[in-house]
Each structure stands twice: as C-alpha cells, then as structure tokens.
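Any value given below was found using the heavy atoms of this structure, including those in side chains, with hydrogens, waters and symmetry copies removed. Remember, it's 1-based here, ligands and their atoms both numbered in the order they're listed. These numbers were taken from a predicted model, which means no experiment stands behind them.
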Amino acid sequence: MIEAIVNSQKEFFKTGKTKTIAYRKQLLKQLQSELIKQEDFIVKALYDDFKKPEFESVITETAIVLQDLKRTLKHIDKWAKPKRIFPSLLNFPSSDFIYKEPYGTVLIIAPWNYPYQLALAPLIGAVAAGNTVVLKPSELTPNTSALLSKIIKHVFPPEFVTVIEGGVDTSTQLLNQVWDYIFFTGSVGVGKIVAKAAAPNLTPITLELGGKNPCIIDKSANLKLAAKRIVWGKFVNAGQTCIAPDYILIDQSIKNNFYNFLKEEISKAFTNKPKTSKDFARIINEKNFNRLTEMLVDQNCIIGGNHDITDYYISPSVIDQPSLDSKVMEDEIFGPILPVLAYDNINTIDTIINTYPKPLSLYVFSTNSAQAKQLIKQYSFGGGCINDTIIHFANHRLPFGGVGNSGIGAYHGKHTFNTFSHIKPVVKKGNWLDITLRYAPYKGKLKSL
Ligand code: NAD
C-alpha cells in the first residue's frame with residue numbers, strides 16, 4: 001500500500017500539475033478554509049491528547065499555522081518566480097537566473113510535542129514549492145493525527161498530499177521508499193536512522209532534532225524578568241519543547257535570589273496547586289512520565305517534585321545543583337524539570353556546556369551587552385535569545401534549525417519554501433558576441449591575461 005501511494009505521487013508529479021502555481025494556491029486556499037473551520041476540533045484534539053491548554057494550542061499551534069499559510073499565499077508568486085542575478089563579467093554577455101524547482105515526492109515525519117504545527121508548517125512549504133507530500137504524524141497523539149488525516153483527505157487528492165498514520169513500523173516502511181526529500185522532526189537517535197535511510201539514494205534531508213539547551217544567567221541580569229521568561233519558556237507545553245531551556249547556569253551570588261523569583265513566577269503562572277491549573281499540560285505517556293520521574297530521585301528538589309501517574313502529571317520542578325553524572329544531566333530533559341547549576345566564575349561554564357553536543361538553542365540573561373555577545377559567539381548552537389527564551393521561533397524571517405547533533409538545515413517562512421526547492425542556477429548566454437579567450441588552443445594566452 002505504501003509503495004502504491006508513493007508511486008502514484010511520483011506519477012502525479014511527472015504530470016507537471018504541481019508546477020502550476022495557480023494549482024498550488026487553489027489547494028492551499030482550500031486548506032486554509034478547512035483549518036479555520038476545524039479550529040475548535042483541533043484545540044479539542046490537542047487537549048484530548050495531552051491536556052494541552054487552549055491558549056497554548058492557539059498561540060503555539062493553530063495561529064502559527066494560519067499565519068504561515070496566509071503569508072505563504074501572499075508571497076508564493078514572488079518566492080517561486082525565477083530571480084534575476086547580477087551576471088559575472090567572465091560570462092559576458094549573459095543574463096543569469098535562479099530557478100526554484102520542486103524536488104518531487106517528499107516525506108515529512110512529525111513528532112508528538114507540537115503535533116499539529118510541526119506537521120503542517122513543513123507541509124505548507126512543501127506544497128507551496130510544488131512537491132507532492134506524504135506526511136507521517138506521530139502515533140503518540142492519535143486524536144490530532146486522525147484529525148490531520150481527515151483534513152488532508154478532505155482537501156487534497158492523495159496523489160498530491162496524503163497522511164499515513166502509524167508508529168515505528170510504518171515509519172520504517174516509509175523510510176525504505178525512495179524519496180526526493182525527507183524532512184524529519186524528532187529525536188537525535190531517530191534522526192540518525194533517517195540519515196542512514198537517506199544515504200543509499202543520496203536523498204537530501206532536513207533534520208530538526210533536539211539537545212541540551214543551556215540558559216546562562218550572569219550577575220548583571222534582570223533576575224525578576226529572567227525568572228518570568230524562563231518559567232514561560234520552560235513550562236509551556238509542560239517542558240515538552242525542543243527549544244525549552246534545559247538547564248540553568250547561574251552566578252553563585254544571585255542563585256538564592258533567583259530561586260525566590262522562580263517560586264513567585266511559577267505560582268503566579270500555575271497557582272500553588274499546578275495540578276489543578278488549566279494552564280499546565282500533561283506528560284505525553286507513561287514511558288516519558290517514568291523517564292522524567294526517575295530524574296527526580298535523590299535530587300534536592302527546591303521547587304515542586306510532585307507527580308501523579310494516573311494523570312501523567314509532573315509539577316513544575318527545580319533541582320538545585322544536580323551532579324553532572326546524574327540522570328537529569330545525562331540527556332535532553334524534555335519535561336517540566338529544571339536543573340540549576342551555580343558557577344563562581346563564568347569562564348568555568350565552558351566545561352559544562354562542552355560536555356554536550358551542540359545544542360538546538362542557547363539563552364543568555366545579561367544586561368552586559370558585551371558579555372552576552374561574547375557568549376553568543378563563543379558557543380555553537382542552532383539559535384537562541386539574549387534576555388528571553390524560545391521566542392526566536394516566532395519570527396518567520398529567522399531560519400529555524402539545529403547544528404551538529406541538533407540538526408541539519410532550517411525552515412520557517414520563506415526559508416521553508418526554499419528548503420523544499422532545489423535552487424537551480426542558469427546562465428543564459430548571449431550569441432551576439434563570443435570572446436574566444438577560453439577556447440583551445442591555449443598557446444600564448446596565459447601571457448595575455
Ligand atoms: P521521535 O524521534 O521518537 O519520533 C519522531 C517521529 O519519528 C515520530 O513520527 C515517530 O513515529 C517516528 N519514529 C520513532 N522511532 C522511529 C524509528 N525507530 N524509525 C523510524 N521512525 C521512528 O521523537 P518524539 O518523541 O516524537 O519527539 C521528541 C523529540 O523531538 C525531542 O528530542 C525533541 O527535541 C525533538 N523535537 C525537535 C524539534 C525541532 O524543531 N528541532 C521540534 C520538536 C521536537
């Protein structure tokens with residue numbers, strides 16, 4: 001069945017229909033009206049999957065997708081048009097162009113943590129660029145995935161775009177097909193499986209992965225504001241965000257003060273009983289719940305540390321000074337647990353940050369601009385912020401992606417369109433003049449240069 005779908009998409013691509021911008025626009029407009037119609041059901045599906053708060057579902061999923069779609073429809077003609085480039089004197093006379101060419105049939109594999117947005121944002125860019133698409137959403141968010149499948153079926157013919165639901169087996173079968181492009185969002189481990197599957201056919205890939213994101217706070221930081229912004233960036237989606245601050249590195253002299261602000265901001269956001277707050281999501285499943293609660297064992301939890309397996313609830317939790325070989329400092333946390341490590345001298349944070357592969361994001365809280373810039377330059381990371389967390393994601397003009405272990409490639413806004421396009425340079429040579437210098441025989445020509 002999978003092979004038949006992929007073949008039908010390849011045949012459809014060959015007809016050239018997706019190369020017509022009007023056709024792409026027509027279907028993207030239909031998608032837009034369907035997504036608007038289904039918005040309440042999408043929010044409900046996200047709640048049913050992991051009690052995602054309505055506000056978070058709107059600002060981090062549905063609104064982002066609709067804005068992206070609107071922007072894409074507005075700019076698609078401009079983005080797709082061959083761009084005239086200043087020619088090289090060496091080619092005189094010529095006119096030079098960059099063509100944007102769809103790759104063909106692409107596979108998009110999405111994760112569960114923002115199951116709607118991280119499936120549709122690449123899909124919109126892939127369709128806008130003229131590709132046919134197979135989307136495999138996550139099996140861990142069955143309500144959202146089923147709704148995505150229904151919406152796509154309603155809007156697109158399956159030979160253009162289709163959703164194939166399923167878990168690892170389905171994903172493996174999909175990866176066994178020959179694709180023109182694979183766009184994967186998920187864990188580093190599975191990212192390596194995707195890269196291996198792509199290698200025999202030299203299929204181009206984008207890998208949007210994760211990492212252990214440091215958040216550095218120096219002595220000069222506005223601590224109250226830092227705490228507020230960290231609490232939001234860390235505990236939105238119950239910490240299940242690839243760019244959430246993973247651990248704090250803070251100047252020893254301000255640590256206790258920071259804890260006071262953290263406590264205040266956590267209870268302001270989620271009350272003193274976060275379990276009853278409508279604004280705090282749940283852990284996705286038992287496996288992740290167990291993985292996370294193990295991180296709390298034998299730790300000095302100065303805030304939170306409570307959990308309830310019947311609800312997959314883990315409270316916003318802050319761990320003071322975990323050792324570097326403890327579970328919480330082993331790998332990406334991906335949950336509402338925030339370890340805090342104090343430093344005496346900012347130069348010593350190097351050892352900690354360099355313990356881990358290049359992270360997806362890094363944050364610096366400092367009012368010392370030179371210091372902040374120095375730290376941003378010193379470390380290699382996907383993207384980040386000075387004096388805030390995760391908001392770099394929200395600017396569609398900024399390419400979003402990792403580096404090294406945290407990913408390959410980037411997308412968002414126009415960058416998504418470009419990601420799904422082969423950038424094809426073409427020189428159109430004039431025939432009215434032919435400078436003969438480059439042609440053999442070369443004898444004596446070097447001297448004339
Ligand atoms: P995951 O890697 O377990 O799963 C992602 C997708 O891959 C799912 O659709 C899943 O079905 C599929 N998959 C799982 N195991 C597979 C296998 N062995 N072979 C083939 N396919 C397989 O990731 P997840 O748990 O869904 O998401 C969490 C991870 O994703 C975190 O590491 C997070 O940092 C990362 N993430 C990154 C970004 C980003 O934009 N960089 C965004 C969200 C999440």
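Side chain of Ser421 to backbone of Ile423: no donor-acceptor contact under 3.5 angstrom is found.
A distance of 7.5 Å separates CZ of Arg282 from OH of Tyr47, quoted to the nearest 0.5 Å. To the nearest 0.5 Å, the span separating NZ on Lys287 from CG on Leu292 amounts to 11.5 Å.
Under the rule for a ring pair (Phe, Tyr, Trp, His ring centres under 6.0 Å), Phe13 has no partner lying at least two apart in sequence or in another chain. In this structure, the ring pair (Phe, Tyr, Trp, His ring centres under 6.0 Å) partners of Tyr247, at least two apart in sequence or on a different chain, are Tyr356.
Applying the ring-ring contact (aromatic ring centres under 6.0 Å, His included) rule to pairs touching residues 183-202 yields Phe183-Tyr411, Phe183-Phe420, sequence neighbours excluded.
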Note down each nitrogen or oxygen pair, ligand 1 side and protein side, whose separation is under 3.5 Å; give only atom names and the distance to 0.1 Å.
{"unit_1": "ligand 1", "atom_1": "2 (O)", "unit_2": "Ser187", "atom_2": "N", "d": "2.8"}
{"unit_1": "ligand 1", "atom_1": "2 (O)", "unit_2": "Ser187", "atom_2": "OG", "d": "2.6"}
{"unit_1": "ligand 1", "atom_1": "9 (O)", "unit_2": "Ala110", "atom_2": "O", "d": "2.7"}
{"unit_1": "ligand 1", "atom_1": "9 (O)", "unit_2": "Lys136", "atom_2": "NZ", "d": "2.9"}
{"unit_1": "ligand 1", "atom_1": "11 (O)", "unit_2": "Lys136", "atom_2": "NZ", "d": "2.7"}
{"unit_1": "ligand 1", "atom_1": "11 (O)", "unit_2": "Glu139", "atom_2": "OE1", "d": "2.6"}
{"unit_1": "ligand 1", "atom_1": "11 (O)", "unit_2": "Glu139", "atom_2": "OE2", "d": "3.4"}
{"unit_1": "ligand 1", "atom_1": "21 (N)", "unit_2": "Ser171", "atom_2": "OG", "d": "2.7"}
{"unit_1": "ligand 1", "atom_1": "23 (O)", "unit_2": "Ser187", "atom_2": "N", "d": "3.4"}
{"unit_1": "ligand 1", "atom_1": "25 (O)", "unit_2": "Trp112", "atom_2": "NE1", "d": "2.8"}
{"unit_1": "ligand 1", "atom_1": "26 (O)", "unit_2": "Trp112", "atom_2": "N", "d": "3.4"}
{"unit_1": "ligand 1", "atom_1": "26 (O)", "unit_2": "Trp112", "atom_2": "NE1", "d": "3.4"}
{"unit_1": "ligand 1", "atom_1": "30 (O)", "unit_2": "Gly186", "atom_2": "O", "d": "3.2"}
{"unit_1": "ligand 1", "atom_1": "32 (O)", "unit_2": "Glu332", "atom_2": "OE1", "d": "2.8"}
{"unit_1": "ligand 1", "atom_1": "34 (O)", "unit_2": "Glu332", "atom_2": "OE1", "d": "3.4"}
{"unit_1": "ligand 1", "atom_1": "34 (O)", "unit_2": "Glu332", "atom_2": "OE2", "d": "2.5"}
{"unit_1": "ligand 1", "atom_1": "41 (N)", "unit_2": "Leu209", "atom_2": "N", "d": "3.3"}
{"unit_1": "ligand 1", "atom_1": "41 (N)", "unit_2": "Leu209", "atom_2": "O", "d": "2.6"}

